[in-house]
There are 2 protein chains.
Amino acid sequence: MSTAPAPRREIPDATVARLPVYLRVLRTLLADGVDVVSSEELAEAAGVRSAGLRRDLSYLGSYGVRGVGYDVARLADEIARELGLTQDRFVAIVGMGNLGHALAAYSGFATRGFEVRWLVDNDPAIVGTQIAERCVVALEELTRQDPDGLIVVIATPPAQAQDVADAVVAMGVRSILNFAPCVLTVPDGVEVRKVDLATELQILAFHEQRGRDDLREVNP
Amino acid sequence: MSTAPAPRREIPDATVARLPVYLRVLRTLLADGVDVVSSEELAEAAGVRSAGLRRDLSYLGSYGVRGVGYDVARLADEIARELGLTQDRFVAIVGMGNLGHALAAYSGFATRGFEVRWLVDNDPAIVGTQIAERCVVALEELTRQDPDGLIVVIATPPAQAQDVADAVVAMGVRSILNFAPCVLTVPDGVEVRKVDLATELQILAFHEQRGRDDLREVNP
DNA sequence: AGGCGCTTGTGAACACCGGCACAAAGTCGC
DNA sequence: GCGACTTTGTGCCGGTGTTCACAAGCGCCT
Ligand SMILES: NC(=O)c1ccc[n+]([C@@H]2O[C@H](COP(=O)([O-])OP(=O)(O)OC[C@H]3O[C@@H](n4cnc5c(N)ncnc54)[C@H](O)[C@@H]3O)[C@@H](O)[C@H]2O)c1
Ligand SMILES: NC(=O)c1ccc[n+]([C@@H]2O[C@H](COP(=O)([O-])OP(=O)(O)OC[C@H]3O[C@@H](n4cnc5c(N)ncnc54)[C@H](O)[C@@H]3O)[C@@H](O)[C@H]2O)c1
C-alpha cells in the first residue's frame, strides 16, 4: 500500500467560507495592536461559536497555545497562506455598467490582496474610455491574456453572462464570480460563485413571513 | 419551562435558498409560453439534480402530477407564496456611495417584487438630491417609517454599518442585507444576510490554489 | 519544583443534507 | 376499460457540518 506521507488536510467547504471572516477580524486586531487572542474573543468578533472556530482552525494545524490563545500575526499569515493569498491574484471585471463602475471604484479589492487588472466591456462607446484611472478593453483583448491566477467577475446583463463565461473558460480561467441573475454552465474544474441580490432579499422575505406566522401562532 | 428551544423548521434552509432560483427559472419558462415542466428539465435549468429538486418541492406540498410534471404557473405561485412575496415588500438602501448608486439604478428589485421606497444617506450634500428619480432622505427620516415588510440594505462604509443596523433595528426592522465587510450584531429575531465580495474572491482563490496543488501532485 | 487555572484541540453524539433507487400514481394510446 | 409508459414523491443511506464536553497541554505563581 502507498504510504500517505503528506496528510493532505482536506478543509471542509464550510470552514473555507469562514476563513476570510477570521482573516478580516485578525487584521483588524493587528491594526489595533492586539497580539494574542483567545478563541472565545475571536469567535465573538467573527460572529461564530468558539468551539466551531477552534475546529475550523484545527484544520490548518496547531497554531494556538493552550492556556494563552492564538498569536494574531501568525494566525493571519497561516490563513492567508491557506487561502492562496501569498501569490498575486488578479481580477478582471466584465461589464462596465452601473455595477461594473461601482466595482471598479471599490477599494476593497486592493486592501484584500486582489489587483483589478482589467476592465472589460464590448460596447464600442465604452471601450477605450477611462474608468477609475483604468482603460476599458474589449473582451477579445482579455482572452489573449494569461489566465493564471485570474478571477473573472461577470457584471453583464444575464443574457450575455453565459457567452462571457464560455469565452473566459476557453482562455483557461477557472474562477468566476457571477453577479448576473442566471445559471452558468461550465466544465468540471471551473468554479463559479454567484452573488444574487434578489435571492438574498427573497430569503429575508421568507424568514420575515415565517416570523410573523410564528407570532400569529402564539397570539391569534 | 422553556420547551422547544429549537423552532421546528418546516422547510430546510438549504431548500429556501434554492427556491428563488426555481422561481426565476419558472418565470422565464412562463414568459416563453411553457406551461408544464418535468423535474428533470427544471433541475437542468436551475443547475441542480432532479432528485433534490423534487425533494425541495415536496416541502411545499404535492403540486406535481405523476407522469406529466409541474404546472409552471401554479408552481411559481406556490413558491412566491411560500417566500412571502404575495404581500408587498419594500426596500430601503442606506448609503448612497458608489454601490448605493448602482443598487438604486438596479431594475432587478422591481422585477422580483421589491419596491425601492427609500434612498438614505447622512451626508448633507447628498440628502435632498435625486438619484434614479428618487429623493434621498436622512436616516432619521427613515426611522420614522413603518417597518412592516421593510428590508434594509446597508451600503455604508463598515465603520458606520453597526450604527445603521442599531438604528433600523430600534425602529422595528427585522431583515437586513449587509454589503459592508464587517460583522453585525443584532438581537434575536432580526435576520442579517451578508454579501461580501472579498470573501467570495478568497474562496475562489483557495479553490484555484487547491486545484493547482492537485495538478502538481500528479505532474511534479 | 510542583500545583493551579486557563485555553486549546478533539472524540463523540447529533442534526442536516444530497443522491440513489423504487413504488405509487397518474396519463396516454388503443 | 386497460395495460404500458412516464414522472413524482420518498425511504434510506452515507457524507458533511455543528455542538457538547473534557482531557491534554501550557504558563504563572508560590
Ligand atoms: N446594478 C446593480 O446594483 C446590480 C445588482 C445586482 C446584480 N446586478 C446584475 O449585474 C449585471 C449588471 O448590472 P448593471 O446594472 O451594471 O447593468 P448595465 O446594463 O448597466 O451594464 C451592463 C454592461 O455590460 C456590458 N456588456 C453587455 N454584454 C457584454 C459582453 N458580452 N461583454 C462585455 N460587456 C458586455 C454592457 O455594455 C453594459 O455596459 C446584471 O446582470 C444585473 O442583473 C446588478
Ligand atoms: N463599491 C463596491 O463595489 C462595493 C462592493 C462590495 C462592497 N462594498 C461595500 O459597500 C459599502 C459602500 O461602498 P461604496 O463604495 O459605495 O462606499 P462610498 O464611500 O462610496 O459610499 C458610502 C456612503 O455611505 C454614506 N454614509 C456613511 N455613513 C452613513 C450613515 N451613518 N448613514 C447613512 N449613510 C451613511 C456616505 O455618505 C457615502 O455616501 C462599503 O462598506 C464597501 O466596503 C462596496
Side-chain angles (χ1 to χ4, degrees), chain A residues 7-22 25-26 29 34-72 74-76 78-79 82 183 188 203 206-207 210, chain B residues 4-19 21-22 25-26 29 34-72 74-76 78-79 82 203 206-207 210:
Chain A
R8 176 164 274 280
R9 295 181 295 258
E10 191 148 338
I11 303 184
D13 285 345
T15 295
V16 173
R18 283 185 292 265
L19 290 180
V21 179
Y22 303 155
V25 173
L26 285 168
L29 292 173
V34 180
D35 52 358
V36 171
V37 70
S38 72
S39 64
E40 202 68 52
E41 298 164 330
L42 188 52
E44 163 77 19
V48 300
R49 307 270 179 189
S50 63
L53 171 69
R54 289 197 300 275
R55 182 167 303 279
D56 284 342
L57 297 184
S58 75
Y59 291 115
L60 308 182
S62 287
Y63 298 122
V65 180
R66 293 169 192 238
V68 178
Y70 299 88
D71 182 285
V72 176
R74 173 83 188 285
L75 189 54
E78 292 298 339
I79 292 177
E82 199 64 54
V183 177
D188 285 349
I203 294 171
F206 170 83
H207 284 111
R210 202 178 66 86
Chain B
R8 262 287 161 218
R9 215 172 327 215
E10 193 179 304
I11 302 184
D13 283 345
T15 295
V16 173
R18 285 184 292 266
L19 290 180
V21 179
Y22 304 155
V25 172
L26 285 167
L29 292 174
V34 180
D35 52 358
V36 171
V37 69
S38 72
S39 64
E40 202 69 53
E41 298 163 329
L42 188 52
E44 163 78 18
V48 299
R49 307 275 178 189
S50 63
L53 171 70
R54 289 198 300 275
R55 184 172 300 278
D56 283 342
L57 297 184
S58 74
Y59 291 114
L60 308 182
S62 287
Y63 297 121
V65 179
R66 294 171 191 233
V68 178
Y70 298 88
D71 182 285
V72 175
R74 173 83 189 284
L75 190 54
E78 292 298 338
I79 292 177
E82 200 63 52
I203 294 171
F206 171 83
H207 285 111
R210 203 176 62 85

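Predicted, not measured: the structure shown is a model, and the values here were computed from it. By convention in this document, chain letters (A, B, ...) are assigned in the order of the sequence lines, proteins followed by strands, and residues within each chain are numbered from 1.
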Which of the following nucleotides, C:dC17, D:dA21, D:dG9, is nearest to the side chain of B:Ala14?
->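 Closest nucleotide to the B:Ala14 side chain: C:dC17.
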Nucleotide [N], atom [atom2] - distance to [atom1] of [X] in whole Å:
| X | N | atom1 | atom2 | value |
| --- | --- | --- | --- | --- |
| B:Leu57 | C:dG19 | CG | C1' | 16 Å |
| A:Leu53 | C:dT10 | CG | C1' | 14 Å |
| B:Asp56 | D:dT10 | CG | P | 13 Å |
| B:Glu10 | C:dC16 | CD | P | 14 Å |
| B:Asp13 | C:dC17 | CG | C1' | 11 Å |
| B:Tyr59 | D:dG9 | OH | P | 13 Å |
| A:Arg55 | D:dC22 | CZ | P | 16 Å |

Below 3.5 Å between N/O atoms, which protein atoms pair up with nucleotides 3-7 of chain C? Just atom names and distances, please.
unit_1 : atom_1 : unit_2  : atom_2 : d
C:dT7  : O4'    : A:Gly67 : N      : 3.1

Residues touching DNA chain D, which here means a heavy atom under 4.0 Å, drawn from residues 40-49 of chain B |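 By residue number: none to list.
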Find out whether A:Leu60 and A:Ile11 are in side-chain contact, i.e. whether some heavy atom of one side chain is under 4.5 Å from a heavy atom of the other.
->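 With C-beta onward as the side chain, the pair touches.
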Answer whether the closest heavy-atom distance between the side chains of B:Leu26 and B:Tyr70 falls below 4.5 Å.
->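 When only atoms from C-beta onward are counted, B:Tyr70 and B:Leu26 do not touch, as no gap falls below 4.5 Å.
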Distance from [X] atom [atom1] to [Y] atom [atom2], nearest 0.5 Å?
| X | Y | atom1 | atom2 | value |
| --- | --- | --- | --- | --- |
| A:Glu10 | B:Arg210 | CD | CZ | 6.0 Å |
| B:Phe206 | A:Asp13 | CZ | CG | 8.0 Å |
| A:Ser50 | A:Glu44 | OG | CD | 10.5 Å |
| A:Leu75 | A:Ile79 | CG | CD1 | 4.5 Å |
| A:Ser38 | A:Leu53 | OG | CG | 9.0 Å |
| A:Leu57 | A:Arg18 | CG | CZ | 10.0 Å |

Any N or O donor-acceptor pair linking the side chain of A:Arg18 to the base of D:dG17 at under 3.5 Å?
-> no
With a 4.0 Å cut-off on heavy atoms, is B:Thr15 in touch with a base, just the backbone sugar-phosphate, or nothing at all?
->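 Answer is nothing: B:Thr15 stays at 4.0 Å or more from every strand.
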Any idea which heavy atoms bring A:Val25 and A:Ala45 closest together, and the distance?
->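 Of all heavy-atom pairs spanning A:Val25 and A:Ala45, the closest is CG1-CB, 3.6 Å.
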Comparing A:Ala51 and B:Tyr63 on DNA chain D - which has the more 5′ nearest nucleotide | B:Tyr63
